[in-house]
*Asks:* 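Before we start, here is the structure in question, set down as structure tokens.
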Amino acid sequence: MTKEHLIPFKKGESGNPNGRPKNVETILREVFLAEYNVKLSSGQTNDIIQSILSKSRSELIELAKNDELPFWIAMIAKKATRDYERGSIHLLELLFDRVYGKQSKSNRELKTLQTRRG
């Protein structure tokens, strides 16, 4: 793309009017605060995410169908099921990154080199 195609924003105008997308931890904290008046710690949100990550596909499908559960559990389970059917791992990447931290670029490059060398 050349510089002619770039259109500067007007003064006082945001390039991202909706703001940064919320991460999984923020969504969980907001839901618990709004629905249960409970403020979650980082450890508690990690526990919830780890619990969801440990579920089998059939368990996630059952969670998604259960009307007695809080909507956020069903929402995550439905999203995981949809992603699985589409062959996507987007939600898993988000959840794993939240619990275990994002892998640094140097670690990814090292693993790629190790894989290539056999």
Side-chain angles (χ1 to χ4, degrees):
M1 185 178 284
T2 62
K3 287 186 178 183
E4 299 96 45
H5 293 101
L6 299 177
I7 302 170
F9 294 102
K10 296 176 186 169
K11 188 173 182 173
E13 185 178 285
S14 172
N16 188 3
N18 296 329
R20 179 178 288 185
K22 294 180 181 179
N23 62 29
V24 174
E25 179 183 1
T26 302
I27 293 169
L28 285 176
R29 285 183 177 186
E30 287 176 356
V31 167
F32 264 84
L33 192 57
E35 288 195 16
Y36 305 105
N37 200 26
V38 173
K39 190 171 182 179
L40 293 177
S41 69
S42 291
Q44 290 168 320
T45 55
N46 284 345
D47 289 346
I48 291 168
I49 293 168
Q50 284 177 333
S51 174
I52 290 170
L53 288 173
S54 70
K55 303 289 183 208
S56 69
R57 181 172 181 257
S58 59
E59 289 173 319
L60 285 174
I61 290 170
E62 289 304 311
L63 286 175
K65 292 178 183 177
N66 188 338
D67 290 335
E68 300 300 315
L69 291 174
F71 92 93
W72 59 270
I73 293 176
M75 178 180 69
I76 292 172
K78 285 177 185 177
K79 171 73 170 133
T81 303
R82 274 196 317 269
D83 280 4
Y84 176 82
E85 290 168 353
R86 293 178 182 159
S88 171
I89 60 168
H90 181 254
L91 179 64
L92 286 176
E93 286 177 333
L94 288 174
L95 295 175
F96 272 104
D97 287 350
R98 174 64 196 113
V99 174
Y100 301 108
K102 283 192 174 191
Q103 191 177 31
S104 69
K105 183 177 179 183
S106 60
N107 277 349
R108 284 192 305 269
E109 290 171 350
L110 179 61
K111 285 185 180 182
T112 301
L113 286 174
Q114 289 171 343
T115 305
R116 288 182 186 165
R117 291 182 183 164

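What you see below is based on every heavy atom in this structure, not just the backbone, and it leaves out hydrogens, waters and symmetry mates. Quantities reported herein were computed from a predicted structural model and do not represent experimental measurements.
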*Asks:* Test of understanding: with side chain to side chain donor-acceptor pair (under 3.5 Å), list the residues that count as partners of Lys78, not counting sequence neighbours.
*Replies:* none
*Asks:* Which residues satisfy the side chain to side chain contact (heavy atoms under 4.5 Å, CB included) test with Glu93, sequence neighbours excluded?
*Replies:* Ile89
*Asks:* Suppose the criterion is salt bridge (Lys or Arg N to Asp or Glu O under 4.0 Å): which pairs have a residue in residues 48-69, not counting sequence neighbours?
*Replies:* Arg57-Glu85
*Asks:* Of all residues at least two apart in sequence or in a different chain, which pass the side chain to side chain donor-acceptor pair (under 3.5 Å) check with Ser54?
*Replies:* none
*Asks:* For Asp83, give me all partners under side chain to side chain donor-acceptor pair (under 3.5 Å), at least two apart in sequence or on another chain.
*Replies:* Lys79
*Asks:* What closest approach, in Å, do Ser42 and Arg29 show between heavy atoms, and which atom pair accounts for it?
*Replies:* OG-NH2, 2.8 Å
*Asks:* For Thr26, what residues pass the side chain to side chain donor-acceptor pair (under 3.5 Å) criterion, not counting sequence neighbours?
*Replies:* Asn23
*Asks:* Please report the shortest heavy-atom distance between Ala77 and Leu60, naming the atom on each side.
*Replies:* CB-O, 3.3 Å
*Asks:* If you measure from OG1 on Thr81 to CD1 on Ile61, what distance do you get to the nearest 0.5 Å?
*Replies:* 5.0 Å
*Asks:* Do Ile49 and Tyr84 belong together in a cluster built from hydrophobic side chains that touch within less than 4.5 Å?
*Replies:* no
